[in-house]
Every structure is written in structure tokens, then in C-alpha cells.
Q: 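This is the structure, below, for whatever I ask next.
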Amino acid sequence: MRSRKQILIALAIISVAGIIRLPVEAKLEAEIRGLHFREGAPDLALRDQLSQMQFVAALGGFRSLVASGLDIRTYLTLADKDWGELEALSNLTTTLQPRVEKYWDMASWHMAFNATSHYQNNVPDSEIRLAIRNQLVSSYTDKGKAFLKKGLTYLPDSGELHLALANLYRSKDPNPPEAAKHFRRAFECKGNPPLERAYAHELVKCSEPERWQTAYDILKRYYDQGERSRTPSGIRDLKVLEERLNIPFPLRIREQAPTPRR
Amino acid sequence: MATTSDTSGDALPARAGHKAFSLGRIWTIATSTLTQLARMKVFYFLVVFVILLCIAGFLFIELSYEQELKILKDVAFGSMSLFSIILAIVGTAILIPRDVEDRTLYTILSKPVPRYEYLIGKLLGVLLLIGISLLVMDAIFTGILYLRQNMLIAEQISFLQADGATEADIASVRALVEEHGARWGLQGAVFSIFLKAAVLASLSLLLSTFATSTLFTIVVGFAVFFIGHGQGLARDYFLKGAFTGPIEKLVTVALAIVFPDLQLFSLVDGVVSGDDIPGGVLLKVTGIAALYIVIYNLAAHFVFAEKEL
């Protein structure tokens, strides 16, 4: 009886302290989340996708470790070319740790480059009809884009993700205005000069004259910096832009446009 | 001046010069607890830790450097968390029953040692064990991470030099790898692991003051561990969810009041992703941990002070 009373007193102490600490903890939790330092509690929807052990581990504070384990499984699945499984695993890793840019980058790369290359080059015509092949290539390219776009909602200032999306729009799903936009953002985030030149090269492919002027200004600025900044593609595009923008002859560069490769 | 010996239930006349609270006595109990736990060969887990780190650090060499270093950090922090939680819950759960079994408890309490000093000393002993273990694991981890990071930098530089890269390119790649490698910010994560273990140890000590068996303390300790981590999920689902009734909300609030929110101490994920825990946040989290420790110790004292041994 005496010990029960003591336990009740202990419970009362814990409860009173609990009432006092709850608002303090809520404020601290909001601060930690506001700093993007911690993601919200694992979503219940995750329970359907993770094994019981993985869910318990993620819930028990081992979220990053579970994500790394799934990342290794993604890598192993790549060898089997099981693109559906790979997509599901990529979805899990990115859901568990949406602020790790490499997960978005790799997920997009597997979808937009590895899976599309597989269907374009490794599956013989006898196994797949051309229409289905094209549809699969287009579908996996879109999935790759979707991963990067979703990643950018969590990491809007990720130079790597902007660069990956720009490359995708340049090579897999040509769209010069979009490619230019993301090369520019990548340059703003990373400050790497070749990214600004890539931005200019994409602007050259656009149809609006005001974009050509921006491209000309950028490429000319690099050209004027000296020999080391004069790339063959820069000279080629400057020649094109001088014609398009009717740049006066005295202001035009002296180099000849490089001969296109055969 | 005659004072009464503290709260052991039987008010005994204290000897002249006897202090009601002595850090010296607490330290003696703490160091003997540390020795007692160390003799149980708990440090053998460090061998397992080194094996795990070697596997994580040198097995996945076909991945990108970010992924490789992330896996190494995840395995290291995951192992540190796991070992410190086990030490906190199991190590603390066995202390009082073992002292009763060995009759050490009676020897200590027959001397003018207040029961709260005994409890604080025991807790401090476990915290010392967890602290030393984490320091050793941290040193091993940092060493391996630094080694792997330098190997990766050398690898990247050799690729770049073969491609005729400039000094600026090499410096930028070095900086990129270093960003994912050993840095001071990682120590914040180790400290947050220690804080979580400290809260769990004090909770386990409270449980063991009224538990009928060691197994009960361990099972309940781990149950509280999972409830403590699931609180955020319960709050999001029941308090913010549209389809929950007043009873579910009431239960969720009751759980939040009684059980600790251990997710507050789960700051490792952000550190692994490359963020550093801001000093202010670390200070506040330390304050919350200290509050839990004080509350659980106070509650443990109330139960233990009247306990018939």
C-alpha cells in the first residue's frame, strides 16, 4: 500500500513535469523542424512499403541507417535491371531522407538514363514492339524528371539537382528554355563558370532574340577573359549569335567557327 | 550540529560533521558502479563496432564517395545509438537487483549514505560508462572516417590529374569530399546520442526502483524507448488528423505527458546529411535532457526512499 502511494506520487511528479515541458518541447520541435534539421515523424503510409523491421528501426531513430541500407539494395537491384523494384526502393530512400540530394540525383539517373538506355539498347526488337519501347523510354524519362522536381521542392538551392535536371532537359528530353533555366540556377548555387557557359549555350537554342542577346553577352564576356576561356563551342555559338544579332563587323571575334565534327 | 540522515525512512541521528549531500560519496559510488559494469566485459562490444565500421568503410567501394561516406557515418552513428541505448537500459536495470543480490546495497545503506546519493551515484556510474564508450567509439569512427576520406581524395585527385585538371578543380573536389568526411559538426551528433542514452538510463533507474524483476525493467525500458520515438507520429496522426475523436486525442496527450519525446534527441540524421546542429538548439536539447534526468531521479527517490529492502 505504501509503495503504491509512492508510485502514484512519482507518477504525479512525472505528469506535472510533463504538462510543464510539453509547450517547451513543442516549441523546440518546431525550431528543429524549421531549421530543416529533422524531418517529420515517419509517415504511416511508409508502413506499407517498409518491412516490419525497417519500419521499427526508422521509428526508433535509425532512419538514416535504414535509408542507407535501402540505398545499397537499390545498387544491387541495378544489376538485375528490375526497374520497377528500383523505382520503389528509390521512392523509399527519398521519402525517408528527402534532404539527401544524392538520393534524388541517383533515383533520377537510374530512371532517366539507366532504364531508358536499357530499353533503347539492350532489349532486342523481337522482345518489344517499337511503340512500347518508345512509350517506356518516355515514361522513365518523365519519372527521372519527376524525382528531380520533387527533390527540388525539398532542396530548392541544390546546385546538383538543378544541374541534373538541366542535363536531362538538354540530352534526354530536349527543352532549351527549361535547360537554360536550370543551368542558370545551378550556376547561381554552385558558382561554377562552365555552368554559366552551358546556360548561354542553351539560350542560343531558344527562339527569342532577347535570349540570344543574353547568351551573346555571357559568351563574349568569357571570350574577352583570354585564351583559356575561349572554348570551341563558345566560339561556334558566338559566330552564330553575331550573325543573328547583326553585330557590327569591327566588334566581331576574329576566330573562325570550328569545323563541325563528322 | 545534529542533523537527520536523509529519507531512508528511519530517521537516524547523524554523526557530527556528516554532510547531507556529498559529491565525494556520490563519486565513490559512481566509480565503483563503473568498475562493476566494466568487469562485466561490456567493452567487448567495441570489437563488434570496429568490425562493423571496417565493413561499412571498405566494402562498398563501388558507390559514389558521398554514398560511401554516408554509409560509414550511418553505420557508426547507428551502432553508437544502439550500444548506448542497450548500455543505458540493460546496464541500469541490473544495478539495483545486483546490489541486492550481492548484499552490497545493505553495506552501502548501513553507512550514513542517503538513498538519493546512492541513486545519483549509480546513475552517474552508468553515464560515465556510456560517456567513455561513446568517446572511444567516436575516436575510432573519426579515425576510420578520416582515413577513408583521405583515400577517396587521393583517388579523385589521381583521376583528375589523369584528365589534366587544374589546381582549382582539385581543390574543389577536395573540398567536396571533405564536406562529407570528418568534421567537428559530427561531434554534435555524438553528444545528442549521449543525451538520449542519459534520459533512458535515468528512466530505467526509476523503473528499477519499483520493478519486481530485471526483465520487467528491460522490457518496459525498451517499450518506453519505442513509445518515446513514436510520439511525434501519434501527435501528427491523432492531434492533427481530421478523423480522430476526443478519446484518441486525450490518450495521445496523456502519452505525451507521461512518456519522454525521444525524437527531440534524434538529431543524427541532419548531421549525416551535412548540417551542423546549431549551438542554441544543442543547448536547449541539453536543457530538456537535464529536466528529464532531474524529474526521473526525483520520482525514483520518492519510490526508493520508502522501499522496504
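Numbers restart at 1 for each chain; the letters A, B, ... are given by sequence-line order, proteins then strands.
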Q: Which region of F302(B), side chain (C-beta onward) or backbone (N, CA, C, O), has a non-hydrogen atom less than 4.5 Å from a non-hydrogen atom of chain A, or is it both or neither?
A: both
Q: Ion pair present between K70(B) and E66(B), side-chain N to carboxylate O less than 4.0 angstrom?
A: no
Q: Is it the backbone or the side chain of I71(B) that comes under 4.5 Å from a heavy atom of chain A, or both, or neither?
A: both
Q: If we define contacts as heavy-atom pairs under 4.5 Å, which of S64(A), G18(A), A67(A) has the most with chain B?
A: S64(A)
Q: Which answer fits E25(A), side chain, backbone, both or neither, if we ask what part of it has an atom under 4.5 Å from a heavy atom of chain B?
A: both
Q: With no hydrogens and no angle check, do the side chains of K196(B) and S266(B) hold a donor and an acceptor under 3.5 Å apart?
A: yes
Q: With F141(B), which of F83(B), F77(B), F49(B) fulfils ring-ring contact (aromatic ring centres under 6.0 Å, His included)?
A: F77(B)
Q: Using the ring of each side chain (for Trp, its six-membered ring), is H182(A) parallel, tilted or perpendicular to Y169(A), with breaks at 30° and 60°?
A: parallel
Q: Would you please classify the geometry between the W104(A) ring and the Y154(A) ring as parallel, tilted or perpendicular, with 30° and 60° separating the classes?
A: parallel
Q: Report which part of V271(B) has an atom under 4.5 Å of a heavy atom belonging to chain A: side chain, backbone, both, or neither.
A: both
Q: Parallel, tilted or perpendicular: which describes the rings of W109(A) and F113(A), with under 30° parallel and over 60° perpendicular?
A: parallel
Q: Counting only non-hydrogen atoms closer than 4.5 Å, does L22(A) touch chain B with its backbone (N, CA, C, O), its side chain (CB onward), both, or neither?
A: side chain
Q: Return the minimal non-hydrogen interatomic distance between P260(B) and V199(B), and the atom names on each side.
A: CB-CG1, 4.4 Å
Q: Show your reasoning for whether side chain to side chain contact (heavy atoms under 4.5 Å, CB included) applies to T74(A) and L92(A).
A: CA-CA 10 Å; T74(A) 310; L92(A) 277 179; over 6 Å; no
Q: Taking the six-membered ring of Y222(A) (Phe, Tyr or Trp), confirm whether the NZ or CZ of R197(A) is under 6.0 Å from its centre and within 45° of its axis.
A: yes
Q: Picking from V281(B), L291(B), V268(B), which has the most non-hydrogen pairs under 4.5 angstrom with chain A?
A: V281(B)
Q: Between I288(B), I277(B), L82(B), which has the largest tally of heavy atom pairs under 4.5 Å with chain A?
A: I277(B)
Q: Counting only non-hydrogen atoms closer than 4.5 Å, does Y292(B) touch chain A with its backbone (N, CA, C, O), its side chain (CB onward), both, or neither?
A: side chain
Q: If I measure from the heavy atoms of chain A, does V272(B) come under 4.5 Å with its side chain, its backbone, both, or neither?
A: side chain
Q: Is I9(A) close to chain B through its backbone or its side chain, or both, or neither, when contacts mean heavy atoms under 4.5 Å?
A: side chain
Q: Just give me the residue among S68(A), A17(A), S15(A), A12(A) that pairs up with chain B most often, heavy atom to heavy atom, under 4.5 Å.
A: S68(A)
Q: Which atoms of L206(B) come close to chain A, meaning under 4.5 Å heavy atom to heavy atom: side chain ones, backbone ones, both, or neither?
A: side chain
Q: Does any backbone or side-chain atom of I72(A) lie under 4.5 Å from a heavy atom of chain B? Answer side chain, backbone, both or neither.
A: side chain
Q: Could you tell me whether the side chains of Q67(B) and S64(B) share a donor-acceptor contact shorter than 3.5 Å?
A: yes
Q: Identify which of T209(B), L262(B), D275(B) forms the greatest number of heavy-atom pairs closer than 4.5 Å to chain A.
A: D275(B)
Q: Of the backbone (N, CA, C, O) and the side chain (C-beta and beyond), which part of V294(B) lies under 4.5 Å from a heavy atom of chain A, both, or neither?
A: neither
